[in-house]
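Single-structure report; data block below.
Order of the sequence lines fixes the chain letters, A, B, ..., with proteins taken first and strands second; residue numbering starts at 1 for each chain. Please read all numbers here as calculations on a predicted model, not as lab measurements.
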Number of protein chains: 2
Amino acid sequence: MQGKKTELSESDCAIARSLDVIGDWWSLLIVRDARSGKRRFSEFQRNLGLAKNILTTRLKKLVEREILEMAPASDGSAFKEYVLTEKGEKLFVVIVALWQWGEQTCFEPGEMRFTLADNELGETLAPLEVRTQSGRKLGALDFRMIEREIASESKS
Amino acid sequence: MQGKKTELSESDCAIARSLDVIGDWWSLLIVRDARSGKRRFSEFQRNLGLAKNILTTRLKKLVEREILEMAPASDGSAFKEYVLTEKGEKLFVVIVALWQWGEQTCFEPGEMRFTLADNELGETLAPLEVRTQSGRKLGALDFRMIEREIASESKS
DNA sequence: CCGTATCCATTCCGATACTG
DNA sequence: CAGTATCGGAATGGATACGG
């Protein structure tokens with residue numbers, strides 16, 4: 001984030017690349033707010049309580065990386081709004097994963113205050129599960145990274 | 001990570017709390033390596049290519065936050081090893097989420113090199129899916145955070 | 001209202017040197 | 001091997017003042 005890690009951003013590791021994009025303190029929180037419908041500079045600023053120059057920096061980076069894109073204001077004003085791209089929307093899985101981990105491990109028993117629920121019926125979310133293609137559920141240590149040997153989807 | 005955001009770490013938001021723990025550049029990569037079986041200081045250092053003092057700081061923080069714990073060396077040497085706690089192991093869902101997002105969006109078409117596969121049969125992992133308790137699959141915008149109204153699990 | 005520019009404190013990072 | 005100590009540079013972060 002700060003110094004360099006330029007090498008790591010160019011790493012083969014998808015995690016390293018992801019972290020290069022959203023691995024700083026504010027970016028994912030901005031995505032969280034954008035996902036929940038916030039669009040305006042001042043909405044982010046007020047809600048997150050961060051300095052305006054930092055917000056500017058983050059928004060620019062997120063637009064550069066194609067997580068957000070600028071759109072004309074929906075209320076007809078002259079200003080722009082920031083909306084998630086498709087790439088940005090896909091981060092919702094990461095958001096849910098972080099959310100669930102945080103709720104499980106970062107709160108005292110009586111302390112939890114919010115939860116995630118679906119818009120339609122208000123049903124709470126099920127814990128994410130890691131499964132193989134065939135549906136077997138995996139634990140934390142049950143998988144590893146391998147050199148790509150994915151069955152080619154087409155045989156020319 | 002840097003300045004303060006002390007307020008946000010104390011936030012009600014589980015994401016903010018999670019990010020306070022693993023929201024910096026190196027921590028999650030250390031967890032990634034620990035999950036894949038790395039235990040020794042030098043293994044992390046060599047593999048990640050970060051400065052030793054930074055690694056020291058990160059390991060300390062991760063031990064403090066109970067993501068890692070110290071264990072006597074398995075080879076009988078006088079040194080310690082770092083192994084994931086249960087809390088730390090639970091981060092594997094976050095790791096998978098970031099991995100999958102990175103692979104989907106941060107690589108050029110011909111560029112992917114690694115993939116995640118289960119240890120037993122070498123089967124690749126299925127994309128994570130966000131579902132409600134009843135099993136309905138949700139998209140990026142289909143849920144929101146609400147004040148906790150979870151049905152109490154016990155009625156005293 | 002939406003930023004940009006500037007200033008300053010803190011932190012992070014990398015490199016190096018040093019200890020046990 | 002496993003750190004600790006220190007240094008300097010870069011980036012982050014907060015606050016504020018300023019322009020469109």
Side-chain angles (χ1 to χ4, degrees), chain A residues 1-11 16 19-30 33-34 38-65 68-83, chain B residues 1-11 16 19-30 33-34 38-65 68-83:
Chain A
M1 259 87 89
Q2 292 82 332
K4 35 167 320 207
K5 94 279 170 194
T6 324
E7 352 161 348
L8 266 172
S9 336
E10 301 299 329
S11 166
L19 287 175
D20 186 49
V21 182
I22 48 105
D24 68 283
W25 181 215
W26 293 115
S27 294
L28 205 54
L29 292 174
I30 293 172
D33 283 1
K38 300 197 171 36
R39 309 163 68 93
R40 298 290 281 258
F41 189 92
S42 59
E43 287 184 289
F44 294 117
Q45 209 241 319
R46 203 169 30 244
N47 198 49
L48 296 171
L50 82 174
K52 287 195 288 186
N53 48 357
I54 302 297
L55 179 55
T56 301
T57 309
R58 286 293 169 282
L59 288 173
K60 264 183 191 154
K61 180 182 162 191
L62 289 171
V63 169
E64 256 172 36
R65 307 295 177 90
L68 296 175
E69 59 190 0
M70 313 275 290
S74 48
D75 64 353
S77 75
F79 303 111
K80 296 294 181 15
E81 300 187 340
Y82 300 88
V83 296
Chain B
M1 259 83 82
Q2 290 86 329
K4 35 169 316 206
K5 93 277 168 193
T6 323
E7 354 162 347
L8 264 173
S9 335
E10 301 298 328
S11 164
L19 287 175
D20 186 49
V21 182
I22 48 106
D24 67 283
W25 181 217
W26 293 115
S27 293
L28 205 54
L29 293 175
I30 292 173
D33 282 1
K38 299 196 171 37
R39 307 163 71 93
R40 298 291 280 260
F41 189 92
S42 60
E43 288 184 289
F44 294 117
Q45 209 240 317
R46 202 169 30 244
N47 198 50
L48 295 171
L50 82 175
K52 288 194 288 187
N53 48 359
I54 302 297
L55 178 56
T56 300
T57 310
R58 284 293 168 283
L59 288 173
K60 265 183 190 153
K61 180 183 162 190
L62 289 171
V63 169
E64 258 174 34
R65 308 294 177 90
L68 296 175
E69 60 190 0
M70 314 275 291
S74 48
D75 64 354
S77 75
F79 302 112
K80 298 292 183 13
E81 300 188 340
Y82 300 88
V83 297

Handout entry: Any Arg40(A) side-chain N or O less than 4.0 Å from OP1/OP2 of dC1(C)
Key = no

Handout entry: Test item: Val83(A) and Leu68(A) side chains (from C-beta on) under 4.5 Å apart, heavy atoms
Key = no

Exercise for the section: Output yes when at least one side-chain N/O atom of Tyr82(A) is less than 4.0 Å from OP1 or OP2 of dC2(C), else no. Expected result: no

Problem - Protein proximity profile, nucleotides 4-9 of chain C - base contact B, sugar-phosphate-only contact S, no contact -, cut-off 4.0 Å on heavy atoms - result: BBB---

Problem - For Asp33(B), the option from Arg39(B), Lys38(B), Glu43(B) that meets side chain to side chain contact (heavy atoms under 4.5 Å, CB included) - result: Lys38(B)

Problem - Earlier contact from the 5' end, DNA chain C, for Ile54(B) and Arg46(A) - result: Arg46(A)

Handout entry: Shortest side-chain distance from Ser42(B), nucleotide among dC1(D), dC1(C), dT12(D)
Key = dC1(D)

Problem - Validation row: Lys61(B), Asp24(B) side chains within 4.5 angstrom (heavy atoms) - result: yes

Practice task
Determine: side-chain N/O of Trp26(A) to OP1/OP2 of dT12(D), distance under 4.0 Å, yes or no.
Solution key: no

Completion exercise
Base-paired stretches in DNA chain C with three or more consecutive Watson-Crick or G-U pairs, both distances under 3.5 Å, amount to C:3-20 with D:1-18

Problem - Atom of Glu81(B), atom of Ser74(B) and distance for their closest heavy-atom approach - result: OE2-OG, 3.1 Å

Exercise for the section: Please determine, for the side chain of Phe79(B), which listed nucleotide (dA2(D), dG20(D), dG14(C)) has the closest atom? Expected result: dA2(D)

Exercise for the section: Evaluate the side-chain proximity of Arg65(B) to Asp20(B): yes if any heavy-atom separation is below 4.5 Å, no if none is. Expected result: yes

Practice task
Would you please say whether a donor-acceptor pair under 3.5 Å links the side chains of Thr56(A) and Asn53(A)?
Solution key: no

Problem - Side chains of Phe79(B) and Arg40(B) in contact at under 4.5 Å (non-hydrogen atoms) - result: yes

Exercise for the section: Send over the distance from Leu50(B) CG to dT4(D) C1', rounded to a whole Å. Expected result: 15 Å

Exercise for the section: Could you tell me whether Arg58(A) contacts a base, only the sugar-phosphate backbone, or nothing, with contacts defined as non-hydrogen atoms closer than 4.0 Å? Expected result: sugar-phosphate

Handout entry: Heavy-atom check, side chain of Phe41(A) versus side chain of Lys80(A), under 4.5 Å
Key = no

Practice task
Identify whether any heavy atom of Leu55(B) sits under 4.0 Å from a base atom; if not, whether one sits that close to sugar-phosphate; answer base, sugar-phosphate or nothing.
Solution key: nothing

Completion exercise
Smallest heavy-atom separation, Leu50(A) atom then Phe44(A) atom, equals CD2-O, 4.2 Å

